[in-house]
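Below, chain A is the first sequence line, B the second, and so on; all start at residue 1. Only this structure's heavy atoms are used, side chains among them; waters, hydrogens and symmetry mates stay out.
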Amino acid sequence: MSNIQKIDRRNFVKLFGLASGGIILGCTATTVEKKFKPAIDSDFFEPNLFVQIDTSGTVTLIASRSEMGQGIRTSLASAIADELEADWQYVKVKQATGHEKYGNQNTDGSRSVRTRLEPMRKMGAAAKMMLISAAAQKWKIAEKDCKAENHFIVNTLNNDKLFYGDLVALASELEVPNQTKIELKKVADFKYIGKTLKSVDLKEFTTGTATYGIDIRIPNMQFAAVARCPVAFGSVKSFKKNKAAQVSGVSQIIELQRLTPPIGKFFGMLGGVAVVANTTWAAFQGKLALDIDWNLGENVSFDTEKFKQTLTERVRKRGKLVPGGNGNVNSAFKQANQIVEATYHVPFLAHAPMEVPNATAWFQKDKIEVWAPVQDPQTARSELAHFFEIPIENITIHVTFLGGGFGRKSKSDFVVEAVAISKKINAPVQVVWTREDDIQHSFYHATSAQYLKGSLDKQGNVTGWLQRVGFPSIVSSFKPLSDYASGFELGQGFTKPIYQLPNFRLENVKAEANLRIGWLRSVVHIHSGFGNNSFVDELAYAAKKDPVQFHLDLLKKETNNVKLAPLQYNSNRMMDVLNQTAKMANWGKKLPKNHGLGVAIHYSFYSYVATIVEVSVIDKKVKLENVFTTIDCGLALNKDNIKNQLEGATMFGMSLAMHGKISTKDGAVEQHNFFDYQMARMQDAPNINIHIMDKMHEPPTGVGEPGVPVMAPAICNAIFNATGQRVRSLPLTDVGFL
Amino acid sequence: MNINISINGKPHTINTQEDTPLLWVIRDIVGLTGTKFGCGVSQCGACSVLLDGKLTKSCSVPVSYALDKQVFTIEGSSKNLEILRQTWSENNVPQCGYCQSGQLIAATALLDTITNPTDQDIDKAMSGNICRCGTYTRIKKAIHQAVALKNKADE
């Protein structure tokens with residue numbers, strides 16, 4: 001898993017431009033799931049995680065993952081600090097630039113902690129061992145008579161103490177302990193892991209001093225805004241720049257050609273007309289003053305309302321069989337006591353992070369320097385090397401804080417724009433998207449239609465389950481004409497149901513992409529979570545059974561004598577989170593008039609989540625009163641951060657359920673800004689109760705995303721419970737609710 | 001034209017069009033980047049500042065509006081803002097942190113005007129500020145705690 005080595009200080013300085021004394025440790029961590037991992041040659045050492053302890057005692061972690069609100073800088077630092085027996089006040093985090101030397105930096109898939117916890121711990125433990133060795137040498141005593149305690153090494157024979165900062169000079173002369181000798185702490189001895197730690201960035205966040213991409217200021221930097229074709233992939237036919245050129249502060253107006261990525265790679269950029277100016281505002285004003293005649297292209301006829309009808313017709317007919325089913329649904333349906341059918345819809349969605357897409361770039365002859373809020377700096381770097389034909393080693397990407405990402409900032413089209421403009425104007429430039437640009441030119445979370453048909457026997461058991469799904473594939477952004485959802489997408493909650501279904505069939509229907517499609521927090525689980533949980537609820541009511549009990553009965557039963565692999569789905573854990581949530585919510589309690597309870601469970605990113613929502617519905621006004629959520633995410637690295645993430649996921653899932661909808665007319669997105677693409681606000685926030693299962697001996701699993709997919713179905717099921725009205729099409733504001 | 005404005009007690013002479021929104025003067029000309037751009041149309045509150053103590057969306061007022069007024073931004077300091085910073089930290093409020101400048105300014109305006117705000121007062125005072133990460137429940141808790149601290153100090 002990891003390989004730890006001391007880096008020669010001068011080499012380190014030369015390599016990374018970080019001038020400071022003390023111990024610097026690096027190690028290799030793999031970031032992909034084991035089965036996809038290429039064999040690592042143990043002779044070829046390429047460290048990608050770094051920790052440094054300097055003579056002032058400061059412990060600096062080089063964070064290789066982007067911080068976008070998920071608390072990763074704090075979480076990873078806490079793992080090192082724990083094994084190092086560090087005092088938290090000495091722990092600092094520095095953001096890594098985008099470089100292959102840091103391993104895969106793509107921050108998505110709720111996988112940072114999952115893949116990096118152990119190497120982080122080992123590195124902290126290795127540093128601690130070196131400090132102990134150094135102290136033992138100094139005191140001329142045995143290492144066993146030394147122990148590490150809160151940034152000191154203690155001589156257990158006489159209680160003398162040596163501060164870490166005073167030991168690093170000596171420690172840096174020592175060999176790094178052999179991997180096999182590194183002993184990790186026991187769960188019971190954890191000081192930071194599994195506890196509540198505050199963010200390392202609180203001071204910056206509360207004083208306005210955290211530097212996001214949009215805050216970068218480079219000497220002689222210009223600002224730019226880009227007008228893009230209202231219809232996806234349209235192009236500039238001609239444009240008049242007179243009026244824009246007259247806007248005070250505007251210096252240049254240039255056309256940007258669309259850059260089409262090679263198949264299977266990158267994101268390219270849409271192209272359009274860029275206005276360069278001395279302030280962001282002047283660039284925005286110049287852009288508005290442009291008079292552009294567009295070639296609207298073939299997506300001009302794309303109308304989301306019609307597409308919804310098309311997808312609905314398709315899921316009502318037979319689709320392509322997806323392998324992995326079992327039994328025979330048709331015979332189950334023939335023998336059924338009761339048949340239930342339903343069709344569900346999710347619209348297109350935009351991420352709308354509070355910080356709009358932006359990037360600052362400086363193209364200088366044979367090198368490129370970029371400062372940007374990117375989730376995936378390495379892909380951005382490769383992409384720049386490809387499009388601008390600059391050797392990759394001459395491209396530097398500084399990762400700033402991200403003012404939210406949610407998947408949008410893993411697509412670096414805005415970085416490509418900045419570099420293209422900088423190249424043309426021969427000066428550093430910051431491209432800033434307006435909110436309207438962000439809403440209208442996103443990589444959208446796909447719309448979907450699902451048809452479900454289920455059968456119940458006389459006892460109300462589910463005997464058959466047919467599910468047909470259709471949604472434009474993310475693959476279409478990499479490979480045109482990818483008209484069916486791909487295997488990895490269906491793998492997110494569709495292909496392997498967590499339910500015990502004696503007869504199960506999954507079909508995939510055609511869904512072409514007429515917008516740029518991308519991933520958004522929890523991705524396809526939004527569709528599967530909504531379809532599966534809504535339908536189970538419908539089946540429960542049809543069977544006249546309690547929905548929580550119905551879920552419990554329907555979950556797969558584990559065979560006692562089968563040992564499950566650590567990350568293998570385990571029904572018992574799902575039952576535990578559901579039972580825990582039902583207990584918290586006092587499920588079955590007598591509710592006030594107009595109130596309803598709804599339940600949803602979902603397994604995603606290896607984590608188990610159950611949510612119960614209590615709503616009140618008065619005159620079609622839906623109010624979330626209480627939300628109860630339990631997560632089993634294995635080892636809970638930073639409990640307060642996990643709670644914060646789940647509270648956030650509650651609001652994110654609530655926003656999409658209540659308001660989230662991107663629609664098009666004549667190919668152009670109809671929404672503009674927060675007034676017509678709305679978000680939940682303070683007054684909408686329910687009481688949120690989060691419980692984290694105590695699973696400190698299980699490996700850590702995803703946290704950032706798994707809280708989202710349960711929200712929409714739990715809300716809709718609660719509305720049904722309160723009103724008897726079944727919502728099968730999101731968002732709620734689209735079907736008469738407020 | 002030259003415009004004189006005062007930000008956090010410091011005078012600035014700015015050469016700009018008088019209809020330039022205050023936000024962009026603060027960010028791009030004065031160079032204080034703690035005040036954020038979120039929507040440009042007074043919908044999200046990321047750009048919140050105090051103008052002579054009054055909560056203002058700086059993206060939607062021209063700089064000329066700030067003439068002879070005191071502009072207070074997140075880079076500034078006041079008794080109430082410092083208390084809020086403290087309770088924001090105690091509650092580990094921020095996730096991505098981007099909207100928190102505006103949230104803190106809006107909360108400062110609330111504490112400056114209402115002694116004992118109720119949940120409804122907080123909802124109302126904070127309704128103009130979007131947090132896409134969804135930190136609302138923590139913000140509310142931090143405001144209540146700040147009020148308690150402030151009132152204790154005032155006793």
If I measure from the heavy atoms of chain A, does [X] come under 4.5 Å with its side chain, its backbone, both, or neither?
X        : result
B:Asn129 : backbone
B:Ile130 : both
B:Val25  : neither
B:Lys36  : side chain
B:Ile29  : side chain

Side-chain donor-acceptor pair under 3.5 Å between [X] and [Y], yes or no?
X        : Y        : value
A:Glu705 : A:Ser522 : no
B:Gln100 : B:Thr135 : yes
B:Thr73  : B:Asn8   : yes
A:Asn689 : A:Asn626 : no

Count the heavy-atom pairs under 4.5 Å between each of [options] and chain B, then report the option with the highest count.
options                      : answer
A:Arg217, A:Gln70, A:Lys203  : A:Arg217
A:Met651, A:Glu204, A:Met654 : A:Met651
A:Glu67, A:Glu355, A:Met68   : A:Glu355
A:Ala680, A:Gly71, A:Gly405  : A:Ala680
A:Gln683, A:Gln285, A:Arg681 : A:Arg681
A:Asn687, A:Ile214, A:Ile688 : A:Ile214

Name the region of [X], side chain, backbone, both or neither, that has any atom closer than 4.5 Å to a heavy atom of chain B.
X        : result
A:Ala685 : side chain
A:Thr280 : both
A:His672 : neither
A:Ile439 : neither
A:Phe401 : neither
A:Ser655 : side chain
A:Ala282 : neither

Name every donor-acceptor pair, under 3.5 Å, that has one atom in a side chain of residues 38-52 of chain B and the other anywhere in the protein, sequence neighbours excluded.
unit_1, atom_1, unit_2, atom_2, d
B:Ser48, OG, B:Gly45, O, 2.7
B:Asp52, OD1, B:Gln70, N, 2.8

Please determine whether the number of non-hydrogen atoms from other residues, nucleotides or ligands lying under 6.0 Å from atom NZ of A:Lys623 exceeds 12. yes
Nearest heavy-atom neighbours spanning A:Asp215 and B:Thr33: OD1-O, 3.3 Å
Check the pair B:Thr13, B:Asn2 against side-chain hydrogen bond (donor to acceptor under 3.5 Å, both in side chains), reporting the backbone distance first and the verdict last. CA-CA 6 Å; B:Thr13 303; B:Asn2 281 336; over 6 Å; no
Validation row, ring centre B:Phe37 to ring centre B:Trp24 under 6.0 Å: yes
Would A:Arg435 and A:Asp438 pass as an ion pair if we require N to O under 4.0 Å? yes
Run the salt-bridge test on A:Lys198 and A:Asp640 with the 4.0 Å N-O cut-off and return the result as yes or no. no
Do B:Ser77 and B:Glu82 pass the side-chain hydrogen bond (donor to acceptor under 3.5 Å, both in side chains) test, and can you show the C-alpha distance, the side-chain angles, and the key distance before you say yes or no? CA-CA 7 Å; B:Ser77 180; B:Glu82 293 305 331; 2.7 Å; yes
Output the option from [options] having the highest count of non-hydrogen pairs under 4.5 Å with chain A.
options                     : result
B:Lys124, B:Arg138, B:Glu90 : B:Arg138
B:Gly34, B:Gly76, B:Pro94   : B:Pro94
B:Cys59, B:Cys131, B:Ser127 : B:Ser127
B:Ser89, B:Cys99, B:Ala125  : B:Ser89

Check whether A:Asp676 reaches the backbone of A:Asn673 with its side chain - one donor and one acceptor, N or O, closer than 3.5 Å. yes
